[in-house]
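These notes concern the structure reproduced below.
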Amino acid sequence: MNEVKPSEEWSPERKWKATGRTRCWYMAELERAVYNRFGEEGLEVIKQVWRKGAENFFLRGLKSFNIDGNDAKAFVSYFKIAQEIMGYNMEIVEASGKKAILRYHTCHFFEKPDPIAAKLCSEGHFEFEKRAAELLNPKLKVRFEKLRSAGDPYCEMVVELE
């Protein structure tokens, strides 16, 4: 029997991006199922999971990416690197210590407008970013001004240092 393997066009980077997209699809569907089944109680569980993820990975990630500082620029730098590793197309629109804007041109979670998806994004899994900001510097404030799941052409995270 011949060995079965992917064609040469499946580079390690392409494999990683494809698996990232697949994992995100399953996570999005799981979040939707939890919310549909349990409503606001389910949303609280989703928030807890994302906050715990920030506690487990954010500060270690900063260190592994050699990002110093505790300001807005350091914060968005982490997300740009981490998200691009997972296959997202990111752009830092503005970056100073006081204010930084990160634009997500792709989203593996919720790519189409959908009110439940928008709620899950804005109130659910973006708890990671909120908790990460608290861990890095309690004076950092994070908000999402645009969401693809709300019909915007991209997602946009704004980070400001009070």
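We use all heavy atoms of the structure for the numbers below, so side chains are in, but hydrogens, waters and symmetry mates are not.
Residues L161 and V76 share a hydrophobic cluster, clusters being chains of Ile/Leu/Val/Met/Phe/Trp/Tyr side chains in contact below 4.5 Å. A continuous path of ILVMFWY side-chain contacts below 4.5 Å connects L30 to L43, so both sit in one hydrophobic cluster. Taking hydrophobic clusters as Ile, Leu, Val, Met, Phe, Trp and Tyr residues chained together by side-chain heavy-atom distances below 4.5 Å, M90 does not share a cluster with Y154.
Taking all atoms of both residues into account, the shortest heavy-atom contact from K99 to V158 is CE-CG1, 3.9 Å. The shortest heavy-atom contact between A118 and L147 is O-CD1, 4.1 Å. I92 approaches A95 most closely through the heavy-atom pair CG2-CB, 3.5 Å. Annotation for A132 and F79: closest pair CB-CZ, 4.2 Å, computed over non-hydrogen atoms. Here the closest heavy-atom approach between residue S96 and residue A72 is recorded as O-CB, 3.6 Å.
Within the 4.5 Å cutoff, the side chain of L120 has heavy atoms near those of the I46 side chain. Contact annotation: the side chain of H105 approaches that of E91 to within less than 4.5 Å [non-hydrogen atoms, C-beta and beyond]. The shortest side-chain heavy-atom distance between E156 and Y104 does not fall under the 4.5 Å cut-off. Counting only heavy atoms from C-beta outward, the side chains of K119 and Y35 approach each other to under 4.5 Å. With contacts defined as side-chain heavy-atom distances shorter than 4.5 Å, the pair R32/I116 qualifies. Between E84 and K80, the closest side-chain pair of non-hydrogen atoms falls below 4.5 Å. Residues I81 and I67 meet the side-chain proximity criterion, which asks for heavy atoms closer than 4.5 Å. Under the 4.5 Å side-chain criterion, counting only non-hydrogen atoms from C-beta, C155 is in contact with R148.
Annotation: the span from S122 atom OG to R143 atom CZ amounts to 14.5 Å, rounded to 0.5 Å. Here the straight-line distance linking atom CD of E94 with atom CD1 of I101 works out to 4.5 Å at 0.5 Å rounding. Within the model, atoms CG of D68 and NZ of K63 stand 11.0 Å from one another, a figure rounded to the nearest 0.5 Å. Taking CG of N36 as the reference point, atom CD of E29 lies at 9.5 Å (rounded to 0.5 Å). The distance from atom OG of S77 to atom CG of N66, rounded to the nearest 0.5 Å, is 12.0 Å. Taken to the nearest 0.5 Å, the CG atom of L102 stands 13.5 Å off from the NZ atom of K73.
The ring-ring contact (aromatic ring centres under 6.0 Å, His included) search around Y78 returns F58, F65, not counting sequence neighbours.
With ring centers used as reference points, F144 lies under 6.0 Å from F126.
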For this session: Show your working on side chain to side chain contact (heavy atoms under 4.5 Å, CB included) between E41 and V45 and close with a plain yes or no.
Result: CA-CA 7 Å; E41 287 181 40; V45 170; over 6 Å; no

For this session: Go through E129 and M157 one step at a time and tell me if the side chain to side chain contact (heavy atoms under 4.5 Å, CB included) criterion holds.
Result: CA-CA 9 Å; E129 288 84 346; M157 176 172 63; 3.7 Å; yes

Problem set entry | side chain to side chain contact (heavy atoms under 4.5 Å, CB included) evaluation trace for K98 with E160 | CA-CA 6 Å; K98 292 276 187 192; E160 293 184 288; over 6 Å; no

Mind listing the side-chain donor-acceptor pairs of residues 133-142 below 3.5 Å, one per line with the distance, residues two or more places apart or on another chain?
residue	atom	partner	partner atom	Å
E134	OE1	R131	NH1	2.9
N137	OD1	K139	N	2.9
N137	ND2	N70	O	3.1
K141	NZ	P138	O	3.2

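Side-chain contact annotation: W50 with E31, donor-acceptor N/O pair under 3.5 Å present.
Comment: E55 does not engage K52 in a salt bridge, judged by the lack of any side-chain N to carboxylate O separation of less than 4.0 angstrom.
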